[in-house]
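This report concerns only the one structure given below.
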Amino acid sequence: MSEARLWHTVDDYFTERLLGDDEALAAALRDSDAAGLPPIAVSPLQGKLLQLLARLQGARRVLEIGTLGGYSTIWLGRALPADGRLVTLEYDPRHAEVAVRNLARAGLAERVEVRVGPALESLPKLADEQPPPFDLVFVDADKANNPHYVEWALRLTAVGSLIVLDNVVRGGRVADPGNTDPDVVGTRAALEMFGTHPRLDATAVQTVGAKDHDGFALARVVS
């Protein structure tokens, strides 16, 4: 068995024993695939981690940057209380249509708002509404703009909020100083912010599994 195949096998083992079957989540993946969305949603184990982080936060308000088909949105939305609120931003209208259907089937239509358009246009509009601070921000959109998303996350959160940045390993390319791919450069810039910004206390974890060699960073807003 190859090393990568072993990673997938272990993820399957954990998923079967820790998560069980969930028709709404499975249907969200099926419908996303049928609609031709790229197969880049978080893994089931990663989704459950996001849900646990939101619950540990006692989150009542969540912001997600990058909806895709709403798979991670379902995980996060289920962590909220009945009067909680999740705002998720999606660039592609076709992706958003799939996400809205998936969220409705999961019973989250009243708790989740999908906003369509470039996130760097949606975020200023959201800030203009002066919403209460978000307790958790999950950033999983185009990686070249990661530093801008972190800047907006800081504007829309408060002390104690959590910011989670997905896909920070880039298959190990993030540590290659000669790699100038925009996604890698953007991820490096965001990690630099995580490590040096006086308002953030951060770490990063690289993972192997269903998403191959990947990882995430998370930062707590401390001031």
Side-chain angles (χ1 to χ4, degrees), residues 28 41-42 47 49-93 95-104 106-167 186 189-190 193-194 197-202 216-223:
V42 300
L49 175 62
L50 289 171
Q51 187 180 91
L52 290 174
L53 288 172
R55 286 176 172 162
L56 287 167
Q57 278 290 101
R60 304 184 68 84
R61 293 182 54 82
V62 171
L63 172 63
E64 179 182 52
I65 303 175
T67 315
L68 195 62
Y71 183 75
S72 56
T73 322
I74 294 172
W75 281 107
L76 286 165
R78 286 176 170 178
L80 297 176
D83 61 347
R85 189 69 172 162
L86 192 159
V87 177
T88 182
L89 311 179
E90 174 53 43
Y91 173 81
D92 191 316
H95 295 182
E97 288 177 7
V98 175
V100 167
R101 292 196 299 269
N102 286 335
L103 290 161
L108 294 170
E110 300 301 316
R111 202 173 303 176
V112 178
E113 178 185 3
V114 181
R115 299 194 180 191
V116 183
L120 292 179
E121 295 179 7
S122 298
L123 287 163
K125 294 176 184 176
L126 178 61
D128 286 344
E129 297 168 15
Q130 299 183 330
F134 289 95
D135 304 300
L136 186 149
V137 178
F138 178 48
V139 181
D140 189 15
D142 56 306
K143 312 309 174 186
N145 281 313
N146 272 342
H148 302 301
Y149 298 145
V150 173
E151 289 173 354
W152 278 106
L154 278 166
R155 298 186 196 186
L156 293 164
T157 52
V159 173
S161 297
L162 188 66
I163 303 171
V164 182
L165 183 66
D166 201 16
N167 306 127
M193 292 177 65
F194 267 24
H197 200 288
R199 292 187 59 206
L200 294 175
D201 186 21
F216 62 94
L218 69 160
R220 187 171 187 263
V221 180
V222 295
S223 66

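- In plain terms, the two heavy atoms of Leu89 and Ala119 that are nearest each other are CD1-CB, 4.2 Å.
- Here the straight-line distance linking atom CH2 of Trp75 with atom CG of Leu50 works out to 9.5 Å at 0.5 Å rounding.
- The line from CG of Asp166 to CG of Leu218 is 11.5 Å long, rounded to the nearest 0.5 Å.
- Within a 6.0 Å radius of CZ in Phe194, other residues, nucleotides and ligands contribute more than 12 heavy atoms.
- Summarising the geometry, atom CG belonging to Leu123 is positioned 6.5 Å from atom CH2 belonging to Trp152; distances are rounded to the nearest 0.5 Å.
- A side-chain donor-acceptor contact under 3.5 Å links Glu90 to the backbone of Leu68.
- In the displayed structure, Gln130 atom CD is contacted under 6.0 Å by at most 12 heavy atoms of other residues, nucleotides or ligands.
- Contact detail for Leu80 and Arg111: the closest heavy-atom pair is O-NH1, 3.2 Å.
- Residues Ala127 and Leu156 share a closest heavy-atom pair of CA-CD2, 3.9 Å.
- Taking all atoms of both residues into account, the shortest heavy-atom contact from Ala99 to Gly70 is CB-N, 3.8 Å.
- Evaluation of the side chain to side chain donor-acceptor pair (under 3.5 Å) test over residues 54-68, restricted to residues two or more places apart or in two chains, returns Gln51-Arg55, Arg60-Asp83, Glu64-Ser72, Glu64-Thr73, Glu64-Thr88, Thr67-Thr88.
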After noting the C-alpha distance and the side-chain angles of Val221 and Leu200, does the key distance pass the side chain to side chain contact (heavy atoms under 4.5 Å, CB included) rule?
CA-CA 5 Å; Val221 180; Leu200 294 175; 4.0 Å; yes
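- Considering all non-hydrogen atoms of both residues, Ala153 and Ile163 come closest at CB-CD1, 3.8 Å.
- The side-chain heavy atoms of Leu126 and Pro131, taken from C-beta on, include a pair separated by under 4.5 Å.
- In this structure, the separation between NE2 on His197 and CG on Leu154 is 5.0 Å, given to the nearest 0.5 Å.
- Here Phe216 contributes atom CZ and Asn167 contributes atom CG; the two are 11.5 Å apart, rounded to the nearest 0.5 Å.
- The salt bridge (Lys or Arg N to Asp or Glu O under 4.0 Å) analysis of residues 131-145, with sequence neighbours excluded, yields the pairs Asp140-Lys143.
- Once rounded to the nearest 0.5 Å, the distance linking CG of Leu103 with CG of Leu108 reads 6.0 Å.
- Residues meeting the side chain to side chain contact (heavy atoms under 4.5 Å, CB included) test with Glu113, sequence neighbours left out: Arg85, Val87, Arg115.
- The two atoms that bring Ala54 and Ala79 nearest to each other are CB-CB, 3.6 Å, heavy atoms only.
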